[in-house]
There are 2 protein chains.
Amino acid sequence: MITEFTKTVSGSGVKLTPQRMAILDCLNGNESHPSAEEIFRHVSQTYPMMSFATVYNTLSMLRDKGLVLELTIDPARKRYDPNVKLHHHVICLGCGKIADVHAEYELDVPADIAEAFVMSGNHVEFYGTCRACGNAAQLKGE
Amino acid sequence: MITEFTKTVSGSGVKLTPQRMAILDCLNGNESHPSAEEIFRHVSQTYPMMSFATVYNTLSMLRDKGLVLELTIDPARKRYDPNVKLHHHVICLGCGKIADVHAEYELDVPADIAEAFVMSGNHVEFYGTCRACGNAAQLKGE
DNA sequence: ATTTAGGTTTAGAATCATTCTTGACAAATA
DNA sequence: TATTTGTCAAGAATGATTCTAAACCTAAAT
């Protein structure tokens, strides 16, 4: 079944290939903020000949076309989010799980910054501990 | 001259060494948000025997003690900020320059997130184009 | 049917940032 | 002095990401 996401990508002047469709299917509606490696592992199950380079190429292409967000909130690796509508994120400092924060904030910058930069966007990173990690810490008596 | 920053670090139970003092001096009051490599290059001028590992060790130690911030805003590398007071950052998408954004924002998270995470902090990333890069783009007729 | 041209994929090498390991060393302690 | 503890240097190792070169696919042109 062809998803809306696949249609969107296809409609933006990109050639569709089985590999790309598999990557798009993996991303479509995916709220787990997967890394390139997780996407590679997932699509490899269907296409064992899939190359890591194809995953990176496709993700870079999607990022350049504004069809996925490349998140830097995880210091260890980039994470990808097919939801490009304005939203923010929280990362668990224990396990690295990332969740969406659907909220809008008034974020006016001070005058000195407004003069020195033409602003094009912003993103709020929240740091916290998820339920699972909090419970685990309690069990260990912390 | 011994800076306040050096005294703070020294007072937090770590041994002071010439290498560490050089790194602290490099960081003290530094608002350029240097990368590990930039710090290494700088302190190497004074101490050519300085090892990259020492820079990373020292930065990790300072980060663990809460004496520097490790910024993930630059997708290419980590940046360090000796100013640990609450503030945010803007990065120039052209040249990667990072500037401080001294502002406080009301950032309450939605109920579903507040239930799923114990929040410990947040950070706003602004994306923009600095004067220099904006002018350069104009010269090229963009 | 063949050729050509362009973009795509693959596999692996290369790169870059970062972490790890090991042995030497130095100050602090016994 | 001997021991402990923490630090340092050098380089190896790791891991994410990018690059390269050759093979591949598809569509258009012959």
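Atom set for the values below is all heavy atoms of this structure, side chains included, hydrogens, waters and symmetry mates excluded. Each chain gets a letter, A, B and so on, in the order the sequences are listed, and its residues count up from 1.
Residue B:Thr17 is classed as a sugar-phosphate contact, given heavy-atom separations below 4.0 Å to backbone atoms only. Counting any heavy atom pair closer than 4.0 Å across all strands shown, B:Gln19 reaches sugar-phosphate atoms only and no base atom.
The closest side-chain heavy-atom distance from B:Phe126 to A:Val109 is below 4.5 Å.
Summarising the geometry, the separation between CD on A:Glu38 and P on D:dA16 is reported as 10 Å, rounded to the nearest angstrom. Rounded to whole angstrom, the span from the CZ atom of B:Arg20 across to the C1' atom of D:dC8 amounts to 9 Å. Here D:dT17 presents its C1' atom at 15 Å from NZ of B:Lys78, a figure rounded to the nearest Å.
Heavy-atom distances to DNA chain D give each of A:Lys15 and B:Lys15 a nearest nucleotide, and the one nearer the 5′ end belongs to B:Lys15.
Near DNA chain D, meaning a heavy atom under 4.0 Å away, the residues from residues 40-51 of chain B are B:Met49, B:Met50, B:Ser51. Against DNA chain C, the stretch residues 55-77 of chain B makes heavy-atom approaches under 4.0 Å through B:Tyr56, B:Ala76, B:Arg77.
The closest donor-acceptor contact from the side chain of A:His123 to the backbone of A:Gly121 lies at 3.5 Å or more, if one exists at all.
Placement of A:Val90 and B:Leu86 in two distinct hydrophobic clusters is found when ILVMFWY residues are connected by side-chain heavy-atom separations under 4.5 Å, directly or transitively.
Protein chain B touches strand DNA chain C; the 5'-most and 3'-most nucleotides with an atom under 4.0 angstrom of its non-hydrogen atoms are C:dA17 to C:dC20.
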